[in-house]
Amino acid sequence: MRILFLGTPDFAVSALSAILENGYDVVGVVTQPDRKRNRGEATSFSPVKSYALQKGIEVYQYESIKKEGVEDIKNIAPDVMITCAFGQIISQEILDIPKYGVLNIHASLLPKYRGSSPIQRCLINGEKTTGVTIMKTALAVDSGDILLQKEIDILPEENAGELFDRLAILGGEAIVEALGLLEKGEAKFTPQDEKLATHYPMISKEDGRIDWSASAIDIFNKMRGFTPWPSAFTYLTGKLFKISRSRVCKSEDIIDVMKDFVCGEAYAEKTRAFVKTGEGVLELLEVQIEGKKAMDVSAFLQGGKLKSGEILG
RNA sequence: CGCGGGUUGGAGCAGUGGUCAACUCGUCGGGCUCAUAACCCGAAGAUCGGAGGUUCGAGUCCUUCACCCGCAA
C-alpha cells in the first residue's frame, strides 16, 4: 500500500515513525514550508521534514497544497493518504485521489474537541480522560466518519507536553491498527454525532495570561494546558513571569494566613510561594522570569525577587 | 546580521574602576531538641563564561567569541 503522509510537528513524526516501523511503504511526506526562525539564525525544517530526510523519504512542501500540490499528488498516486496535524486544509479534489481515502489522526475523542489544540483544551477544561481518533479526513474540520478510537486517562498533574507525548505514541498505535483494518477490508466507519461536537479555536499566546480572579483549580488547569507551550504567564514587577508547575494549595494554615489577600497577591516563605486567587490559593512550584531559565520556586525565592505582598498580574 | 535580558563558589542572586568578592540556600563538622524543611556555632568552596584591549588599577569600561533565556516571527 502506497502511503502519502501529511504532517508537520513532532506529534506527526511519532505517527509517521510507527507507520514505517510496521513496514508500510511511505512514498512521500507533505509538510509545511521551511520557516525562518531567527534568534539563533537557524532556518529550520518542520520535524516531519527532518525525520523524512533522515529516512530518505521524498518531501513535498507547498504554501498551499490546494493550489500547488494537486498535480504532484496525482502523480504520486498514493493508495491512502494520512493527515496528522498537517496545518493546511485539503480540497475535495485531493481527498478524491487515493482509492482507500484519506485518514486523519486527531488527538481527542471526537466529536469532542474538534479543531486546533485539542490536547491543551482538554487540560484547560479539566478533563479526566482523552484519547486519539482515527477518522476520515473531511472538508469540514475533524468531522469525518470515525474508524477507531483509543482512550487514556489524564493524570492529575499532567501537563500538555507530557500528555502530548503519550498521545503521540497512542496515535502511532492507532494509525497502524487502522491501516491493518484497511488492508484486510475490515474498516468500518461510523458517523460522528454532531450534537455532541465541540470545537475550539487554536490557543494563542495571549490566552496564556493568568486571570488571578479565576479559581485556583481553573488556573491550575490552564497552566497544565499551556505548559510547556505557549506557557501560562503573569507579570511580576513588570516582567513576564511564567508558571510551569503549580498546585492547588490544600493547607488550611496557608489559606488562613492569606484570607485577606487580594487576587494575585503573593505570600512567600523561605522555600514556598503562594498566590491568592478568586477562589482558593495556588502554590507555585516551578517558575521562570523573563530572561532566565525555569527554576524551582525555592531557588527563585533565594534570589529575593518575590516577596510577600507582591501583586502578580 | 529582527528586538531585548543574562553568563559571579553546588543553586539562586548582590556588586557599574581601587579591602570586591556580599547575601540567601545547600554541603561538611559540632551543638541544641522527643523531633524537624526549625535554631545556634564553625568550616570548605569563586581569580567573577572565553579571548583581546583601555587603565597605575576592571567582575565593574571597550571589542570580539561562545552559550542560555524572553519577545517577535
Side-chain angles (χ1 to χ4, degrees), chain A residues 7-13 31-50 61-65 85-89 116-117 120 157 159-162 164 201-212 219 222-258 264 266-275 281-313:
Chain A
T8 300
D10 289 315
F11 188 81
V13 170
T31 192
Q32 293 276 42
D34 300 341
R35 304 291 185 202
K36 259 237 163 93
R37 312 208 160 201
N38 261 319
R39 188 193 68 173
E41 77 198 71
T43 294
S44 69
F45 299 159
S46 76
V48 162
K49 178 170 178 179
S50 303
Q61 295 173 286
Y62 312 103
E63 279 302 331
S64 169
I65 190 170
F86 173 50
Q88 289 185 30
I89 304 294
S116 302
S117 324
Q120 287 94 327
E157 303 208 348
N159 68 34
E162 294 154 357
F164 193 96
M202 191 181 318
I203 57 172
S204 72
K205 188 92 187 161
E206 184 55 29
D207 294 334
R209 182 164 190 162
I210 294 170
D211 171 9
W212 292 107
I219 294 171
K222 174 184 225 171
M223 179 219 75
R224 292 197 295 148
F226 278 77
T227 301
W229 191 90
S231 78
F233 65 94
T234 184
Y235 289 91
L236 173 61
T237 56
K239 286 189 175 159
L240 190 76
F241 187 63
K242 294 181 174 181
I243 298 170
S244 50
R245 222 152 48 75
S246 66
R247 69 177 163 221
V248 176
C249 178
K250 298 261 172 41
S251 161
E252 293 301 331
D253 294 347
I254 300 293
I255 292 169
D256 192 54
V257 168
M258 299 179 74
Y267 173 65
E269 294 185 329
K270 217 164 200 169
T271 59
R272 301 190 299 174
F274 306 86
V275 183
V281 168
L282 191 73
E283 176 173 5
L284 308 182
L285 296 176
E286 187 177 82
V287 300
Q288 177 178 26
I289 192 97
E290 183 182 322
K292 291 294 197 175
K293 290 185 177 179
M295 64 183 85
D296 287 344
V297 230
S298 61
F300 186 74
L301 289 168
Q302 303 303 340
K305 294 265 196 316
L306 177 62
K307 302 185 185 71
S308 288
E310 207 94 58
I311 310 287
L312 298 176

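What you are looking at is a predicted structure, and each value in this text was computed from that prediction instead of being measured. Letters A, B, ... mirror the listed sequences (proteins, then strands); counts begin at 1. The basis for the numbers below is simple: all heavy atoms, side chains too, and nothing from hydrogens, waters or symmetry mates.
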When the distance from [atom1] of [X] to [atom2] of [N] is rounded to whole Å, what number comes out?
X: A:Lys292; N: B:rG70; atom1: NZ; atom2: P; value: 13 Å
X: A:Glu269; N: B:rA37; atom1: CD; atom2: P; value: 15 Å
X: A:Ile289; N: B:rC71; atom1: CD1; atom2: P; value: 12 Å
X: A:Asp296; N: B:rG26; atom1: CG; atom2: P; value: 14 Å
X: A:Trp229; N: B:rA72; atom1: CH2; atom2: C1'; value: 13 Å
X: A:Leu236; N: B:rG70; atom1: CG; atom2: C1'; value: 14 Å
X: A:Gln302; N: B:rG10; atom1: CD; atom2: C1'; value: 13 Å
X: A:Met295; N: B:rG6; atom1: CE; atom2: P; value: 14 Å

Counting only Watson-Crick or G-U wobble pairs whose two distances fall under 3.5 Å, which nucleotide matches [N]?
N: B:rG70; result: B:rC3
N: B:rU63; result: B:rA51
N: B:rU33; result: none
N: B:rC56; result: B:rG18
N: B:rA44; result: none

Using the [atom1] atoms only, state how far [M] lies from [N], rounded to an integer number of Å.
N: B:rU47; M: B:rG59; atom1: C1'; value: 10 Å
N: B:rC28; M: B:rC65; atom1: P; value: 43 Å
N: B:rG17; M: B:rC25; atom1: C1'; value: 31 Å
N: B:rU19; M: B:rU60; atom1: C1'; value: 16 Å
N: B:rG12; M: B:rC71; atom1: C1'; value: 24 Å
N: B:rG18; M: B:rG9; atom1: C1'; value: 23 Å
N: B:rC61; M: B:rG15; atom1: P; value: 12 Å
N: B:rA58; M: B:rC48; atom1: P; value: 12 Å

*Under a 4.5 Å cut-off applied to non-hydrogen side-chain atoms, are A:Leu285 and A:Asp296 in contact?*
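Side-chain contact under 4.5 Å: no.
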*Apply salt bridge (charged side-chain N to carboxylate O under 4.0 Å, His left out) to the pair A:Lys239 and A:Glu290, showing each step before the final yes or no.*
CA-CA 6 Å; A:Lys239 286 189 175 159; A:Glu290 183 182 322; over 6 Å; no
_Which atom of A:Thr31 lies closest to which atom of A:Ser46, heavy atoms considered_ = OG1-OG, 2.7 Å
Give a yes/no on whether any side-chain N or O of [X] is located under 4.0 angstrom from OP1 or OP2 of [N].
X: A:Gln288; N: B:rG70; value: yes
X: A:Lys242; N: B:rG70; value: yes
X: A:Lys305; N: B:rG12; value: no

*Nearest-nucleotide wise, let me know which of A:Lys293 and A:Lys239 is further upstream toward the 5' end of RNA chain B.*
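Looking at the nearest nucleotide for each, A:Lys239 comes out on the 5' side.
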*Where do A:Glu310 and A:Lys307 land on the salt bridge (charged side-chain N to carboxylate O under 4.0 Å, His left out) test, with the steps shown first?*
CA-CA 6 Å; A:Glu310 207 94 58; A:Lys307 302 185 185 71; 5.3 Å; no
_OH on A:Tyr267 to OG on A:Ser308, rounded to 0.5 Å_ = 6.0 Å
*Can you measure from CE (A:Met202) to CD (A:Gln120) and round to the nearest 0.5 angstrom?*
10.0 Å
*asked:* Would you say A:Gln32 and A:Gln88 are linked by a side-chain donor-acceptor pair, where the criterion is simply a distance under 3.5 Å?
replied: yes
*Do A:Lys49 and A:Gln61 have side-chain atoms, one donor and one acceptor, less than 3.5 Å apart?*
yes
_Aromatic ring proximity A:Phe241/A:Phe233, centre distance under 6.0 Å_ =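 No, the ring centres sit 6.0 Å or more apart.
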*Nucleic acid contacts - residues 202-209 of chain A versus RNA chain B, non-hydrogen atoms under 4.0 Å*: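 Going residue by residue through residues 202-209 of chain A, the ones with a heavy atom under 4.0 Å of RNA chain B turn out to be A:Lys205.
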*Using a 4.0 Å heavy-atom cut-off across all strands, classify A:Glu290 as base, sugar-phosphate, or nothing.*
sugar-phosphate
